[in-house]
Amino acid sequence: MEELPRKKDYIKYLKRTGENVWLLLRIAFRADKWLVVAYYGSAVIGAIMPVGVGLASKYLIDYLNGYVPGGNKMLAGLVWLLAYRYIMTTLDGLIYWVYNVSYVDYLFRSRFQNEINCEFYKKMISMDAGYFEDAKVQNLISKTRDTKTWKLPDMLRGLSYITRSATMAILSGSVLITYGLSWPIIVALTCLPRLISQTKQGQIQWSVYGSGAPKAKRLWYFEWMMCEPQALKEMRIFQSGEYLLRKFRQVQAEIFDMFKKPLNQYLPVWIGLTVWEMGVIFLITLMQIYKLNNGLLTVGGLILFVDMVVQLKGNIVNTAIELGALFSNNLYVEDFKKVLNLPDLVKESRTPVKIDTSKPPKIEFKKVWFRYPGKKTWVLKNINLKIEKGKNVALVGINGAGKSTMIKLICRFYDVTKGEILIDNVNIKKIAKKDLYKLMGTLFQEFVHFHFSVRENIAMGDPENFDLEKMKTAAKQAGADLFIDKFDKGYEQMLGREFDDGEEISGGQWQKLAIARAFYEQAPLLILDEPTSAIDAEAEFEIFSNLQNIYRDKTLVLVSHRFSTVRNADMIYVIDKGGIEEAGDHEELMKNNGKYSQMFLTQAKGYRK
């Protein structure tokens, strides 16, 4: 048997479950408070009807025992009792099974799912970029994304079942009190072991889930890989699909065995509890038959007693089962809550300094040192550089030199470990993020392929200010107009294969659209990280000619391995091993015969061959 937690931990576990239920209820109430009231209210009202049906049956049976055929009054009484019984049955069907289960449950679940998804993605779009480079956080996000839409609503649905079952247990117990105070207590005590076992079993499932997390991560990775188009192409060529599928099945089997083990342990317990509960109920029913035989109880009274005992027992058991499910679902809420509660890595200043976001900025690194969170290796070491207003500056160097890290710091995806970065002589930490991002436009190596229309793809550079003529100009400057004009729908053509009528375009064409997006924004500061890696040399030359004209009076920061794109920069910084190896314009650096000259000549030699 799995080791059970100490009493102190058990109480903490129950408390945490209650807190998470309350969290979900607050979210549901925020989405639609009247729907929440209707959902749980109809569960409570619907719970009254089965007890009402039981009472109606008692009165009907007792009435029939004394029924004398031929009398109009007796017939009228029988009709009223039958009507009462069928009204109760009809109301039970209408209020709970039709209104609650078939109608409100669907609306409630749909509205709650929408709100949960909005909460999750609201957090995603505001989350610091550093989290997306943290493997543990990415695993947490993947887990939550895959389970939030179903498991969280399941928890509130379970709460509805508990509400109904608990209400019915209270009502049936109240009826049993009329037979004697001890009967509901005896039935409740009989079912108590079931309640405890379900709670413990739910908690063990929680611990198994935690211990199985590494295997689950591997399973999710295999699932992603076997659906990713690029990976599937490579699998087809190397014939590696069957091998990965075997690995996938192996992990599936390991996880299945982990969850099966505690269920196997509890199966004999559940069988024994079921036999115990029915045995006790049979014995206490026999005692009521003794009363019936001695004229102390009517036939209807006996039927009502049996009905209420079965209802009380059944609803206590149902409550126990749903509590177990509640505790199991709670672990998914824990993951969701962890995502929502991820703190900002990059803190906003409480007293931000306003900067002019309409003019090109001056950027300065002063004694900047940086290493990634949780890492010991310095990525940048004592960086000192200036990017003057309206200047074209290039960062070059081998892979891993630190160029892209410098861009991340300018974008304030991370804060420097030591030193400072100044924007117009203001420490970047004192500038509000929204003002910083108004100042800049970016194009990274891994840019987004928006499976929207061409128009929406370009407009994402400045989605609040749509201007078709400005968009067409941006597309022409990026060289994207050449393929856009060939589409029958022009700028309304859907791109990608995610949706109907979508047109797939080449990697170079996607990159041109991304460049058009940057041109469309016309930010005072433009940061380009390998912007033309998928574009041919002729198109690249034209794009950079346009770029130099557009950004003649703006600040441009360029990271590239292609020296043809950086040789016209006003200043070139050669980054090597986290530091600045050389600095100057192209002519100066070639005369120095240093690192830049060597890299340039090596690349030029490759072209000449």
Side-chain angles (χ1 to χ4, degrees), residues 117 120-121 124-125 127 129-151 209 212-258 332 335 339 372 398-400 404-405 407-408 413 442-454 456-457 460 483 493-515 517 529-536 559 561:
N117 283 321
F120 180 78
Y121 292 113
M124 289 296 99
I125 63 175
M127 191 180 290
Y131 280 126
F132 296 100
E133 297 180 353
D134 184 317
K136 289 183 179 178
V137 174
Q138 280 305 291
N139 285 331
L140 175 65
I141 289 172
S142 296
K143 246 191 323 185
T144 306
R145 184 183 60 234
D146 293 342
T147 58
K148 62 178 169 47
T149 306
W150 308 109
K151 292 297 185 180
Y209 175 88
K215 288 184 173 63
K217 291 172 189 175
R218 291 182 64 200
L219 193 68
W220 292 323
Y221 177 69
F222 283 131
E223 287 176 350
W224 170 82
M225 195 159 44
M226 288 188 289
C227 291
E228 209 279 321
Q230 201 61 38
L232 288 170
K233 290 175 186 176
E234 190 165 317
M235 282 183 222
R236 182 65 59 85
I237 298 299
F238 291 114
Q239 297 291 294
S240 57
E242 285 298 324
Y243 170 78
L244 287 172
L245 191 58
R246 285 197 302 273
K247 299 280 283 183
F248 178 69
R249 284 174 173 162
Q250 180 184 341
V251 178
Q252 279 184 320
E254 289 171 359
I255 293 175
F256 177 80
D257 289 340
M258 285 182 66
Y332 299 102
D335 286 340
V339 172
Y372 285 98
I398 63 173
N399 287 334
S404 292
T405 298
I407 297 302
K408 291 174 186 177
F413 292 164
T442 57
L443 174 57
F444 297 108
Q445 295 181 52
E446 298 177 355
F447 56 88
V448 182
H449 295 189
F450 291 107
H451 288 192
F452 302 153
S453 67
V454 172
E456 289 171 307
N457 256 275
M460 289 299 285
F483 68 86
Q493 175 63 51
M494 288 292 294
L495 299 178
R497 296 203 175 106
E498 287 290 324
F499 307 106
D500 292 341
D501 301 324
E503 185 76 28
E504 188 56 73
I505 57 178
S506 70
Q509 290 171 328
W510 278 115
Q511 198 160 39
K512 287 178 180 180
L513 275 181
I515 294 169
R517 197 153 55 235
D529 190 352
E530 296 292 352
T532 55
S533 57
I535 294 175
D536 61 79
V559 176
H561 286 93

Rounded to the nearest 0.5 Å, what separates atom [atom1] in [X] from atom [atom2] in [Y]?
{"X": "R145", "Y": "Q138", "atom1": "CZ", "atom2": "CD", "answer": "8.0 Å"}
{"X": "Y332", "Y": "W150", "atom1": "OH", "atom2": "CH2", "answer": "14.5 Å"}
{"X": "E504", "Y": "H449", "atom1": "CD", "atom2": "NE2", "answer": "8.5 Å"}
{"X": "K247", "Y": "F222", "atom1": "NZ", "atom2": "CZ", "answer": "5.5 Å"}
{"X": "L244", "Y": "M225", "atom1": "CG", "atom2": "CE", "answer": "4.5 Å"}

Determine whether [X] and [Y] make a side-chain contact, defined as any pair of heavy atoms from C-beta on separated by less than 4.5 Å.
{"X": "F499", "Y": "H451", "answer": "yes"}
{"X": "T405", "Y": "Y372", "answer": "yes"}
{"X": "F447", "Y": "I515", "answer": "no"}
{"X": "M235", "Y": "Y243", "answer": "no"}
{"X": "W510", "Y": "L495", "answer": "yes"}
{"X": "E503", "Y": "Q509", "answer": "no"}
{"X": "K148", "Y": "V339", "answer": "no"}

ask   = Within the side chain of D335, is there an N or O that forms a donor-acceptor pair under 3.5 Å with the backbone of T144?
value = no
Test item: Q511 side-chain N/O and S506 main-chain N/O as donor-acceptor pair under 3.5 Å =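 The answer is no, because no donor-acceptor pair under 3.5 Å joins these two groups.
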request  = Test I505 against L513 for side chain to side chain contact (heavy atoms under 4.5 Å, CB included), laying out the working first.
outcome  = CA-CA 10 Å; I505 57 178; L513 275 181; 3.9 Å; yes
request  = Specify the closest pair of heavy atoms between I141 and F132, including all atoms of both residues, with the distance to one decimal.
outcome  = CD1-CE2, 4.3 Å
ask   = Looking at M127 and M124, what are the two nearest heavy atoms and their distance?
value =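 Residues M127 and M124, closest heavy atoms: CE-CE, 3.1 Å.
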query = Can L443 and R517 be said to form a side chain to side chain contact (heavy atoms under 4.5 Å, CB included), step by step?
reply = CA-CA 9 Å; L443 174 57; R517 197 153 55 235; 5.5 Å; no
key: Neighbour count above 12 (heavy atom, 6.0 Å) for E234 CD   = no
message = With side chain to side chain contact (heavy atoms under 4.5 Å, CB included) as the criterion, how do F413 and I407 come out once you've worked through the C-alpha distance, each side chain's angles and the decisive distance to 0.1 Å?
response = CA-CA 9 Å; F413 292 164; I407 297 302; over 6 Å; no
